[in-house]
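Below you'll find the structure, written out as structure tokens, and then a few comments.
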Protein chains: 2
Amino acid sequence: MPRNALNSKLEMHASEPLYKQIEKQILDCLAQGEWKPGERLPNESQLAKRFGVAIFTVRAGISELVAANILIRRQGKGTFVARHDRQRQRYQFTHIFRNDGVKISPERQLVSFSRISADRSIAEMLHLPQNEKPSVFRVECILKLESRPIATMDITVPARLFAGLTARAIRESAENLYAVYQEVCGVNVIRIEERVYAVKAGARVANTLGIHAGDPALRVDRIAYTYNDVPVEFRSRVHQAFDYHYQISEGGV
Amino acid sequence: MPRNALNSKLEMHASEPLYKQIEKQILDCLAQGEWKPGERLPNESQLAKRFGVAIFTVRAGISELVAANILIRRQGKGTFVARHDRQRQRYQFTHIFRNDGVKISPERQLVSFSRISADRSIAEMLHLPQNEKPSVFRVECILKLESRPIATMDITVPARLFAGLTARAIRESAENLYAVYQEVCGVNVIRIEERVYAVKAGARVANTLGIHAGDPALRVDRIAYTYNDVPVEFRSRVHQAFDYHYQISEGGV
DNA sequence: TATCATTTGTACGTATGTATG
DNA sequence: GCATACATACGTACAAATGAT
């Protein structure tokens, strides 16, 4: 019996190895919402049967998605779609630390929520059609730690993908915004690109952060992507730079 | 025949899985210099025989080290100890980009090289004994792009570990400094931690970089580690922040 | 408390594909 | 063409965690 009797998409001697094809198929299922965040996937032998391959091959494909924090395996329980809530801190993309080395989890205070037309640079970053003035949600926040403002955060998301996003939904959740995107809009952020600039604080930001205009500040611009490298969010944060810094670790076992 | 007849260190029913033990053993061999950067390891079946386990188990251990960029596998050739030279860009830890999005590879101009006593904060960062005024090498450089200075870089390394490091060795190599550390001193950097600060450029740095004192600048402090999380280098760079930024990507397939 | 079915984790053996020299 | 070495793939067995019985 041909191994892939049940699934015509698989190519046995394709340029790509089977397990990579399985990985892509699972990604497709995720992108199409067949398995939603927090849900359990069919077990490995079921998936193997469904895709017409050996368990080994399914495991290899899943392993890559686990390494990418898209799936989570739990022995004795199953394989799950990763969630963005604060408990499982896998999706805490933030790299801002207090200067004493402690990672911070600031609170979010919503300042404004509006629906506007994207300007050209935003439309370009979010891959929106540039001719028809695409509609976006604009979210302005202040990040606070112990009720002291430490950063401003301006967010832009395409309205088409974020149907159902409201000021109320943002205000009422204490979670990571990406958890809100998952819950409310079904949007899964799986990758970010971040650029960090040293800037002079402008008058408005300086006033908000309780520093002087012209003081150095860290501007952190981020584009967040969902499956298939589709950009879904642009956010720009400006951090008070006297007590906080940006920190990463790279390499190692 | 007991599987681990040839190696008494392995524990069959230890808390740690076999492949993790193999990984540690390989790391030990690397730390002790049995296999040097660029060299080929024994092939998988030889390693399996040596450690008294199946090939599968050796592969699992090696895979973790490959993921950490410590080993490199090349089909048909073998498994090699990763090198830090510029060709294989795996060990380009730098995250500085030009504002148009192009990653930069600046040239290094040596300004001074000296042997001094570490002050307390350096001794602490590099885990040096604090009572006996440990000796360190101090390296001051300017990073240039198309012969225009874009950053200053001050480096401190413990003299004990970096025997053989000279101004000449640094000046004569066009490679990454970490390649020099490997070649000249046998020190392998496998992990870094980096902190990014927004600061005002001081007079001296501003003068070097061709900007004004007080202009915003990116200070990037890094501690580099070798095997077993031993810190081996502290470096502090100050980057001109008008044309350059710090950039990372995280997550994704 | 103890047992049992389910599910992933680890480990082994084997076969074949593919890149390299 | 050939030997070597890693890459992929399959089948199997048992361990360990989990949750329900």
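Chain identifiers are assigned alphabetically (A, B, ...) following the order of the sequence lines, protein sequences preceding nucleic acid strands; residue numbering begins at 1 within each chain. Treat the numbers as computed from the prediction; the structure is a model and nothing was measured.
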Start at the 5' end of DNA chain D and walk down; is the nucleotide closest to A:K20 or to A:K77 reached first?
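Result: A:K20.
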Rounded to the Å, how far apart are [X] [atom1] and [N] [atom2]?
| X | N | atom1 | atom2 | value |
| --- | --- | --- | --- | --- |
| B:E16 | C:dA11 | CD | P | 10 Å |
| B:F80 | C:dA19 | CZ | C1' | 12 Å |
| B:I72 | D:dA5 | CD1 | C1' | 16 Å |
| A:I55 | C:dT6 | CD1 | P | 14 Å |
| B:R40 | C:dT20 | CZ | P | 14 Å |
| A:F56 | D:dT8 | CZ | P | 8 Å |
| A:E44 | D:dG11 | CD | P | 15 Å |
| B:I62 | D:dA5 | CD1 | P | 13 Å |

Among [options], find the nucleotide with the atom closest to the side chain of [X].
| X | options | value |
| --- | --- | --- |
| B:N43 | D:dA5, D:dG11, D:dA7 | D:dA5 |
| B:P17 | C:dC12, C:dG9, C:dT10 | C:dT10 |
| B:Y19 | D:dA7, D:dT8, C:dT10 | C:dT10 |

Check: [X]/[Y] side-chain N/O donor and acceptor closer than 3.5 Å:
| X | Y | answer |
| --- | --- | --- |
| A:S236 | A:R222 | no |
| B:R73 | B:S63 | yes |
| B:Y181 | B:E233 | yes |

In terms of relative ring orientation, are A:F97 and A:H245 parallel, tilted or perpendicular, with 30° and 60° separating the classes?
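It falls in the parallel class, under 30°.
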OP1, OP2 of [N] versus side-chain N and O of [X]: anything below 4.0 Å?
| X | N | answer |
| --- | --- | --- |
| B:R59 | D:dC6 | no |
| A:R74 | D:dT18 | no |
| B:T79 | D:dC6 | yes |

Any base atoms under 4.0 Å from A:S45, or only sugar-phosphate, or nothing? Heavy atoms, all strands.
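No contact at all - A:S45 keeps every heavy atom at 4.0 Å or more from the nucleic acid.
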Has the side chain of A:Q75 got a donor or acceptor that lies under 3.5 Å from a partner of the other kind on the base of D:dA16?
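Counting by modelled atom types and ignoring angles, a donor-acceptor contact under 3.5 Å is found here.
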Determine whether B:H239 and B:R237 make a side-chain contact, defined as any pair of heavy atoms from C-beta on separated by less than 4.5 Å.
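Answer yes - side chains close enough.
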